[in-house]
Amino acid sequence: MRPLVKLTFEAMMSRLRVRFNGLQRIEANRTYNYDLSDILMSGVAMFFFQDPSLLAFQERLLRKHERCNLQTMFGVKAIPKDSQMRERLDEVELEGVRKVLPELFEQMRRTGWVSEWRNELSEGRNKGLYYLCAFDGSDYYSSEKIRCEKCLERTNRSGEINYRHTVVAGTLVKQGKREILPLDAEICQPQDGHEKQDCESEAGKRLLRRIRSEHPHLGLIVTGDDLYSRVPFVEECQKARAHYVLVAKPESHQELFEWVEELEQMKEIEEVEWEEGPACRRKSYRARIVKEVPLRADGKVWVTYVEVWEWNKAGKQVYHNGFVTDLEVTKGNVREIIGMGRAKWKIENEQFNIQKNHGYHLEHNYGHGEKNLSGVFYYLNLIAYLMHIILEKGDREFQKARATVGSRKRFWEEMKTLMRRLLWESWQHLMEFVGNEEDYSTG
């Protein structure tokens, strides 16, 4: 695929500099040794190349060559010290950094790339194409000693307090598609005018409101675990004009499950059975559809409940779960709706797991700060991750370089080494070198 002008590495760097220069103007009445845009671009570079020690190595290149890769690739005029970076970023408002996410997404939408994440509902009252947005939360920092004013607190059984940071991500996923597309994320932290603690469900509601505000025309279906299948969040989905397919567990939905069992005894449910896969790996499924049941005892919200069982070829049950939805469920589309509910796992495996365990060092303590540092670092991390997705999708030189080196882990290890040791005139220069098998093997 030919890279579009507005989604090349250089174009994305230009967009980031424009946004970060805007943040710099906000604090123009204060004097600092380093421009805020230089500091933020240095932070992006650190996460982009997955190298916590990037700044120190670029200083060495600068002393040796009087130039460095932060200048040639990221447009940084002066390299900040680690301590200066942490001090300045601690004061930066999270929203100014986060705004990069919808800007990059909008560029992807205009290219038509985002349409690859549309899910089809083939029949029923809600028939159509939708973007399936998985909501999930994850801790990315935890300590019993280091804390800031934005930390959440959790007391364990022994009475010790654990300080942590949690993020709720909203990510586009698709049945049968491995790749995910981060849409937005909300950091759990104390809110003005509210009690000290924040929680995943409240952050999820804020995130949903913002997604709808920034992307008003996206046809959305929200999927998430049992934490989200509660009346307040479902009502937020209704306000946001978003459908939902949410996990529902018996222990948290007693009234709903009592109705389900009574309706089954009255034979007022529908059942569907099917098989999938070749004979040697065939899987068997059974689903039951229970319409018009209350989400909780007060009957404020009524839903359709869908439950599914899966067995392998040997007859062993390998999956069982239940979902609530506002979509019209039929025997013809129940498999699609179940697939939407099951697609939630992709945000855990393809986003959080990769950010934590595959080079992005999400849980690495880059510096905690007193206010916003941890959150700013999270957003810079996510921006780098999204940029990698864009390059993997549309930059032929990047694709060629990846194919030459091999695995994702090895590729970024090689990038880290090349960035530390050699001066490159541009990103294009680096990619052409790595993508040339003859040059790369002797380099």
Side-chain angles (χ1 to χ4, degrees), residues 119 121 126 130-139 166-176 180 183 186 188 199-205 207-208 211 220-238 240 242-261 263-264 269 272 285-297 300-310 317-329 333-353:
N119 293 253
L121 194 61
N126 309 110
Y130 296 91
Y131 291 98
L132 182 63
C133 189
F135 275 47
D136 198 17
S138 180
D139 287 353
T166 300
V167 65
V168 177
T171 298
L172 298 189
V173 298
K174 183 179 180 180
Q175 307 170 65
I180 55 93
L183 181 59
E186 173 73 6
C188 297
C199 64
E200 181 179 337
S201 59
E202 288 300 315
K205 288 189 284 186
L207 177 59
L208 180 57
I211 287 175
L220 284 177
I221 297 176
V222 176
T223 186
D225 59 26
D226 182 79
L227 178 68
Y228 295 95
S229 58
R230 314 300 169 89
V231 168
F233 187 79
V234 166
E235 289 180 330
E236 205 65 55
C237 288
Q238 294 169 343
H243 295 292
Y244 54 88
V245 181
L246 305 168
V247 172
K249 300 291 187 183
E251 53 269 24
S252 55
H253 295 80
Q254 182 177 351
E255 184 74 11
L256 182 149
F257 278 86
E258 287 179 359
W259 275 65
V260 168
E261 297 309 317
L263 289 171
E264 183 172 44
I269 68 170
V272 186
Y285 299 84
R286 179 170 70 89
R288 62 175 178 172
I289 305 167
V290 190
K291 299 180 179 180
E292 287 297 306
V293 289
L295 190 56
R296 70 182 183 194
K300 195 172 185 180
V301 173
W302 293 76
V303 298
T304 293
Y305 175 72
V306 180
E307 192 167 12
V308 61
W309 293 262
E310 176 186 332
Q317 182 177 307
V318 294
Y319 183 79
H320 171 233
N321 215 341
F323 307 94
V324 293
T325 180
D326 65 331
L327 297 167
E328 182 183 14
V329 185
N333 70 18
V334 66
R335 293 164 64 176
E336 296 166 349
I337 290 173
I338 289 170
M340 292 177 186
R342 296 186 67 170
K344 187 202 77 70
W345 71 270
K346 294 176 184 291
I347 192 175
E348 300 173 7
N349 194 54
E350 297 298 329
Q351 182 167 337
F352 291 141
N353 182 47

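Note: hydrogens, waters and symmetry copies are ignored here, and every other heavy atom, side chains too, is used.
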Peer 1: When you measure from the side chain of D226 to the backbone N and O of K249, does any donor-acceptor pair fall under 3.5 Å?
Peer 2: yes
Peer 1: Counting only N and O atoms by type, is there a donor-acceptor contact under 3.5 Å from the side chain of T171 to the main-chain atoms of A134?
Peer 2: no
Peer 1: The test is side chain to side chain contact (heavy atoms under 4.5 Å, CB included); show your working for V308 and F323 and say whether it passes.
Peer 2: CA-CA 9 Å; V308 61; F323 307 94; 4.3 Å; yes
Peer 1: Nearest 0.5 angstrom please: K344 NZ to T223 OG1, how far?
Peer 2: 7.5 Å
Peer 1: Is the Lys NZ or Arg CZ of R342 less than 6.0 Å from the centre of Y319's six-membered ring, within 45° of the axis?
Peer 2: yes
Peer 1: Is the shortest side-chain heavy-atom distance between L246 and V303 below 4.5 Å?
Peer 2: no
Peer 1: To the nearest 0.5 Å, what is the distance between CD1 (I337) and CG (N126)?
Peer 2: 7.5 Å
Peer 1: Would you sort out whether S229 and H253 count as a side chain to side chain contact (heavy atoms under 4.5 Å, CB included), showing the intermediate values?
Peer 2: CA-CA 9 Å; S229 58; H253 295 80; 3.1 Å; yes
Peer 1: Checking the side chain of K291 only, and the main-chain atoms of V329 only, is there a donor and an acceptor separated by less than 3.5 Å?
Peer 2: yes
Peer 1: Could you list the residues that satisfy salt bridge (charged side-chain N to carboxylate O under 4.0 Å, His left out) with R288, not counting sequence neighbours?
Peer 2: E261, E264, E307
Peer 1: Are I289 and T304 side-chain neighbours, meaning at least one heavy-atom pair lies under 4.5 Å?
Peer 2: yes
Peer 1: Taking all atoms of both residues into account, what is the closest heavy-atom pair of N333 and E328, and its distance?
Peer 2: ND2-O, 3.0 Å
Peer 1: Please identify each residue that fulfils salt bridge (charged side-chain N to carboxylate O under 4.0 Å, His left out) with K174, with sequence neighbours left out.
Peer 2: none
Peer 1: Is the shortest side-chain heavy-atom distance between C188 and V168 below 4.5 Å?
Peer 2: yes
Peer 1: Could you pull out the closest heavy-atom pair between M340 and N119, with the gap in Å?
Peer 2: CE-CB, 4.0 Å
Peer 1: Where do L256 and P294 come nearest, in terms of heavy atoms and distance?
Peer 2: CB-O, 3.3 Å
Peer 1: Which atoms form the tightest heavy-atom contact between K346 and V173, and what is the distance?
Peer 2: CB-CG1, 3.9 Å
Peer 1: Are the side chains of Y285 and V334 in contact, using a 4.5 Å heavy-atom criterion?
Peer 2: no
Peer 1: Roughly how far, to the nearest 0.5 Å, is the CZ atom of F233 from the CD atom of E200?
Peer 2: 9.5 Å
Peer 1: Rounded to the nearest 0.5 Å, what separates atom CG in L183 from atom SG in C133?
Peer 2: 5.0 Å
Peer 1: Donor-acceptor check, side chain of D326 to backbone of Y244, threshold 3.5 angstrom: yes or no?
Peer 2: yes
Peer 1: Looking at Q254, I'd like to know if its CD atom is crowded, meaning that more than 12 non-hydrogen atoms belonging to other residues, nucleotides or ligands lie closer than 6.0 Å.
Peer 2: no
Peer 1: What distance do L132 atom CG and I180 atom CD1 have between them, rounded to the nearest 0.5 Å?
Peer 2: 12.5 Å
Peer 1: Heavy-atom distance under 4.5 Å between the side chains of Y228 and V222, does that happen here?
Peer 2: no
Peer 1: Minimum heavy-atom separation for V324 to A248, with atom names?
Peer 2: CG1-CB, 3.8 Å
Peer 1: Checking salt bridge (charged side-chain N to carboxylate O under 4.0 Å, His left out) between E235 and each of K300, R296, K205, which is the one that passes?
Peer 2: K300
Peer 1: How long is the span from the OH atom in Y305 to the OG1 atom in T325, to the nearest 0.5 Å?
Peer 2: 13.0 Å
Peer 1: Which class fits the ring pair Y130 and H243: parallel under 30°, tilted 30 to 60°, perpendicular over 60°?
Peer 2: perpendicular
